[in-house]
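Reading through the structure tokens given below for one structure.
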Amino acid sequence: MGTLLVRNARVLVTMDAQRREIADGAVFIRDNVIEQVGASANLPQQADEVIDAGRHVVLPGLVNTHHHMYQSLTRALPAAQDAELFDWLQALYPVWAGLRPEMLRVATLTAMTELLLSGCTTSSDHLYLFPNGCRLEDSIEAAQRIGMRFHATRGAMSVGRSQGGLPPDSLVEDEAAILKDSQRLIETWHDSRRHAMLRIALAPCSPFSVSRDLMREAAAMARHYGVGLHTHLAENASDVAYSREKFNMTPAEYAESCGWVGPDVWHAHCVQLDEHGIDLFARTGTGVAHCPCSNMRLASGIAPVRRMHERGVAVGLGVDGSASNDGAHMLGEARQAMLLQRVGFGPDAMSARQALELATLGGARVLGRDDIGALAPGMSADLVMFSLDGIGFAGALHDPVAALVFCPPANVDCSIVNGRVVVREGRCVTVETGVLLEQHQHCAMALASG
């Protein structure tokens, strides 16, 4: 891959141990790893490719810890526009039952394009239904094509309506088959090495769609292979009520009883996580994927991120599915995280820089990675460049870093993933976006029409 030099940044936000912000900063990359970071005058002046970042803020690539990429096909469907979580799911399950492999591939490419343009370079995806021959490979192949660092989670639903679960019986799978496919996927695809572009995690969907046995078996398998565990937890009041009625436990107590706490586990939402749960997660190193836009869209509430942060819980950001957010803009998610904490807990509940830290280092910690989330020697070469020349930043250059969060969310001018330029001059260079959008619209209409 050779060498790459990004230089002359208006501000280089390192997110390193000292949280340095370097005026006229530069990053020197060799192959897929950062070799030097510092003032432009102090770094090499030549490389195989040189990118002038003048007038740009340069950041570590943003990290998305929770998504359902297939849902980009079902944004703003009328039947699910004004519903809370359980009603929203029951309105959409029958539509998602029509998902086909080509639809899944197109939806994943579209979601990843949107994420890349928003500054995201690493994303998790929670795929938990596999109708009509869909496989996790459909998502994996899309990630490899577009060039995104990817944590693909093998989700599952096994408890249908007839057994007291929420999903229709037609969408659930046999638990033995789930575990067999999970083992196959780990053995085939998981890369545990530093700077890995693809990792696998196991992700039974939620307490109301899988059994306690499957949760325990998945945890045992994940720890045998050294992969992560992911699920939804304590998303809203109905979710908490289900756990109390079904298991006679709070969601956090249920997670602990199944072995679902520890630094290899991250739970999505946790809007209604109680004080015991926050302490449990802090003590065990269990992570949280905070999804503010989705939590507002479904009226789930305001997650206590300020309290989590004060107690040392690992928290990252997630855009969640594009049918409960209707967007996948990571910088926009950081902005909403900051604003929502202030609505709930006061004007000093979250600063702009704390929001950016959630989107970078926080996400890396949640995904169990020490090679992304910061710009420092030895880190993966993932970085993004935002121009502040647009009208949305007029008058905001007193503090360019804070302006990225306070002002309207911008798209990147340039994005580098694993040392490779994937967005250049605001355009994703690894896919034909116009063709992709035509395909996506066709698939969306076909899926909605049944």
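Computed from a prediction, not measured in an experiment: that's the story for all the values here.
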inquiry  = Using only atom types and a distance under 3.5 Å, with no angle test, would you say the side chain of R297 pairs donor to acceptor with the backbone of A323?
reply    = yes

request  = Answer with yes or no after comparing the ring centroid distance for H66 and H290 against a 6.0 Å cut-off, counting only values under it.
outcome  = no

request  = Just do the side chain to side chain donor-acceptor pair (under 3.5 Å) check on N236 and S300 with the steps written out, would you?
outcome  = CA-CA 5 Å; N236 72 355; S300 298; 4.6 Å; no

key: Test applied, side chain to side chain contact (heavy atoms under 4.5 Å, CB included); reference residue, N295; option that passes from V271, N325, D320   = V271

Side chain to side chain, L12 and E21, heavy atoms closer than 4.5 Å = no

inquiry  = Is it the case that over 12 heavy atoms from other parts of the model lie below 6.0 angstrom from the CD atom of E432?
reply    = no

query = Quick one: are M197 and M148 in side-chain contact, heavy atoms under 4.5 Å?
reply = no

note = Y242 meets the ring-ring contact (aromatic ring centres under 6.0 Å, His included) criterion, sequence neighbours left out, with none

Note, L198 side chain near I140 side chain (heavy atom, < 4.5 Å) = yes

task = Kindly say whether A26 contributes a backbone atom to a donor-acceptor pair with the side chain of N8 at under 3.5 angstrom?
result = no

task = Could you check H230 against H151 for ring-ring contact (aromatic ring centres under 6.0 Å, His included), going step by step and ending with a plain yes or no?
result = CA-CA 11 Å; H230 183 48; H151 283 233; over 10 Å; no

key: Heavy-atom donor-acceptor pair, D31 side chain to G2 backbone, under 3.5 Å   = yes

ask   = When you measure from the side chain of T74 to the backbone N and O of Q71, does any donor-acceptor pair fall under 3.5 Å?
value = yes

key: Residues R244, E253; criterion salt bridge (charged side-chain N to carboxylate O under 4.0 Å, His left out); working and verdict   = CA-CA 10 Å; R244 287 191 176 278; E253 289 168 342; 5.7 Å; no

query = Does E187 CD have over 12 foreign heavy atoms under 6.0 Å away?
reply = yes

ask   = Are the charged groups of R311 and D279 less than 4.0 angstrom apart, N to O?
value = yes

query = Is it true that the NZ or CZ of R154 lies under 6.0 Å from the centre of F130's six-membered ring and within 45 degrees of the ring axis?
reply = yes

remark   = Residues passing the side chain to side chain donor-acceptor pair (under 3.5 Å) test with R424, sequence neighbours excluded, are E49

task = Apply salt bridge (charged side-chain N to carboxylate O under 4.0 Å, His left out) to the pair K180 and E217, showing each step before the final yes or no.
result = CA-CA 11 Å; K180 182 178 180 181; E217 290 292 331; over 6 Å; no

A111 backbone acceptor or donor facing S72 side chain under 3.5 Å = no

key: Residue pair L358 / E333, side-chain heavy-atom distance below 4.5 Å   = no

inquiry  = Quick check against the 3.5 Å criterion: does N132 have a side-chain atom that pairs as donor or acceptor with the backbone of A97?
reply    = yes

message = With a 4.0 Å cut-off on N to O distance, would you call R194 and D371 a salt bridge?
response = no

request  = Output yes when a side-chain donor or acceptor of D48 lies under 3.5 Å from a complementary backbone atom of T3, and no otherwise.
outcome  = yes

ask   = Taking the side chain as C-beta and beyond, is there a heavy-atom pair between L104 and L127 under 4.5 Å?
value = yes

ask   = Counting only N and O atoms by type, is there a donor-acceptor contact under 3.5 Å from the side chain of D138 to the main-chain atoms of R105?
value = no

inquiry  = Take a 6.0 Å sphere around NE2 of H440 and say whether it holds more than 12 heavy atoms from other residues, nucleotides or ligands.
reply    = yes

ask   = Taking C-beta and beyond as the side chain, do V13 and L356 meet within less than 4.5 Å on heavy atoms?
value = no

query = Is the side chain of E114 donor-acceptor paired with the backbone N or O of A328 at a distance under 3.5 Å, no angle test?
reply = yes

task = Indicate yes or no for a side-chain donor-acceptor contact from H267 to the backbone of G287 under 3.5 Å, with no hydrogens or angles considered.
result = no

